[in-house]
Amino acid sequence: MNTVSKLATATIACITLSACVTTRSYVDPQYHRAGYDQIYRLNQPVSVMVDAQFKRNGEPYPAVDAELREVVERTLRATGDFTPTSSLGDAGVIQVVANNIADLAAARAKGFGTGLTFGAAGSMVTDAYEFKFTYRGTDGKEHQHTYQDAIYTTVGNASPPVVAEPTTPDLAFEKVIEDVTLNFVKDLQTEGALPKASN
């Protein structure tokens with residue numbers, strides 16, 4: 001089991017109290033504003049060093065830092081606008097701070113209730129996220145944006161609150177990071193923080 005599965009409140013509740021009950025996660029589609037097809041690719045991607053920090057309820061949770069950075073870097077590389085690097089040199093910096101806002105006590109209580117009914121009652125847990133992105137280019141200018149997102153995880157016989165494809169907690173977490181990173185790149189392009197695309 002990886003770090004995200006250990007982190008997700010719904011999964012904690014399910015594993016500790018009702019291990020035989022099925023869980024499904026859903027990414028809230030309202031926060032998905034930009035796709036790869038809406039982002040223009042640069043002939044010469046910008047080199048950036050990514051600094052990622054994960055928090056849970058405002059407290060640092062370093063076990064997830066590496067996974068957060070990996071998904072952000074993968075998404076940036078896929079846009080064709082950035083080339084992540086491990087050395088600062090002539091590179092810019094993208095800092096991302098992700099905060100998972102979760103009610104762990106409520107999640108455990110819901111999981112316990114669902115476990116007692118062997119999933120017949122069902123329950124749902126919401127993991128809300130806030131991402132703060134900061135881009136500092138080599139010109140010294142700083143661009144900052146904050147994004148919200150959410151994952152809904154159903155345990156047992158519960159209906160999802162949104163129209164979305166069900167997935168696992170791990171894949172839902174990666175999708176949330178990809179969505180907000182694409183939103184950020186699109187916003188950087190819109191406000192002129194990145195070079196214009198060449199024909």
Is atom [atom1] of [X] surrounded by more than 12 heavy atoms (other residues, nucleotides or ligands) closer than 6.0 Å?
{"X": "E165", "atom1": "CD", "answer": "no"}
{"X": "E191", "atom1": "CD", "answer": "yes"}
{"X": "D90", "atom1": "CG", "answer": "no"}

Is K175 salt-bridged to E178, going by a charged N under 4.0 Å from an acidic O?
->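 Yes, charged N to carboxylate O under 4.0 Å.
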[atom1] of [X] to [atom2] of [Y]: how many Å apart, nearest 0.5 Å?
{"X": "L182", "Y": "I39", "atom1": "CG", "atom2": "CD1", "value": "4.5 Å"}
{"X": "R24", "Y": "T153", "atom1": "CZ", "atom2": "OG1", "value": "11.5 Å"}
{"X": "Y152", "Y": "S159", "atom1": "OH", "atom2": "OG", "value": "14.5 Å"}
{"X": "E174", "Y": "D179", "atom1": "CD", "atom2": "CG", "value": "12.0 Å"}
{"X": "T23", "Y": "M124", "atom1": "OG1", "atom2": "CE", "value": "14.0 Å"}
{"X": "D127", "Y": "I151", "atom1": "CG", "atom2": "CD1", "value": "6.0 Å"}

Is [Y] close to [X] at the side-chain level, that is, under 4.5 Å between some pair of heavy atoms?
{"X": "V72", "Y": "F184", "answer": "no"}
{"X": "Y36", "Y": "T79", "answer": "yes"}
{"X": "I94", "Y": "F82", "answer": "yes"}

[X] side chain to [Y] main-chain N or O, any donor-acceptor pair under 3.5 Å?
{"X": "Q189", "Y": "Y40", "result": "yes"}
{"X": "D149", "Y": "F131", "result": "no"}
{"X": "N99", "Y": "G58", "result": "yes"}
{"X": "Q38", "Y": "G35", "result": "yes"}

Y147 and Y31: CA distance, side-chain angles, deciding distance, side chain to side chain contact (heavy atoms under 4.5 Å, CB included) verdict | CA-CA 8 Å; Y147 305 96; Y31 300 107; over 6 Å; no
Minimal non-hydrogen separation, [X] against [Y], with atom names:
{"X": "R41", "Y": "D81", "value": "CA-OD1, 3.5 Å"}
{"X": "M49", "Y": "S87", "value": "SD-C, 4.3 Å"}
{"X": "A34", "Y": "N183", "value": "N-OD1, 3.1 Å"}
{"X": "G92", "Y": "T138", "value": "N-CG2, 4.0 Å"}
{"X": "P45", "Y": "G80", "value": "CG-O, 3.6 Å"}
{"X": "T85", "Y": "A91", "value": "CG2-CB, 3.7 Å"}

Establish whether V97 and L188 are linked, either directly or via other cluster members, by ILVMFWY side-chain heavy-atom contacts under 4.5 Å.
->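 Cluster IDs for V97 and L188 differ.
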Tell me, with the steps shown, if Y135 and V48 meet side chain to side chain contact (heavy atoms under 4.5 Å, CB included).
-> CA-CA 9 Å; Y135 170 57; V48 290; 3.9 Å; yes
Could you go through the side chain to side chain contact (heavy atoms under 4.5 Å, CB included) check for R136 and T134 one step at a time?
-> CA-CA 7 Å; R136 285 185 289 275; T134 304; 3.5 Å; yes
Mind telling me whether Y129 and F173 have parallel, tilted or perpendicular rings, with 30° and 60° as the class edges?
->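 If you compare the ring of F173 with that of Y129, the planes turn out tilted.
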In terms of side-chain heavy atoms, does S25 have a donor or acceptor partner in T167 at a distance below 3.5 Å?
->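 Their side chains do not contain a donor-acceptor pair, so the 3.5 Å distance test is not met.
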Assess whether side chain to side chain contact (heavy atoms under 4.5 Å, CB included) is satisfied between Q53 and Q95, documenting all intermediate values.
-> CA-CA 8 Å; Q53 182 182 19; Q95 180 185 53; 5.9 Å; no
Who pairs with R33 by salt bridge (charged side-chain N to carboxylate O under 4.0 Å, His left out), at least two apart in sequence or on another chain?
->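 Scan of R33 (salt bridge (charged side-chain N to carboxylate O under 4.0 Å, His left out), adjacent residues dropped) gives D187.
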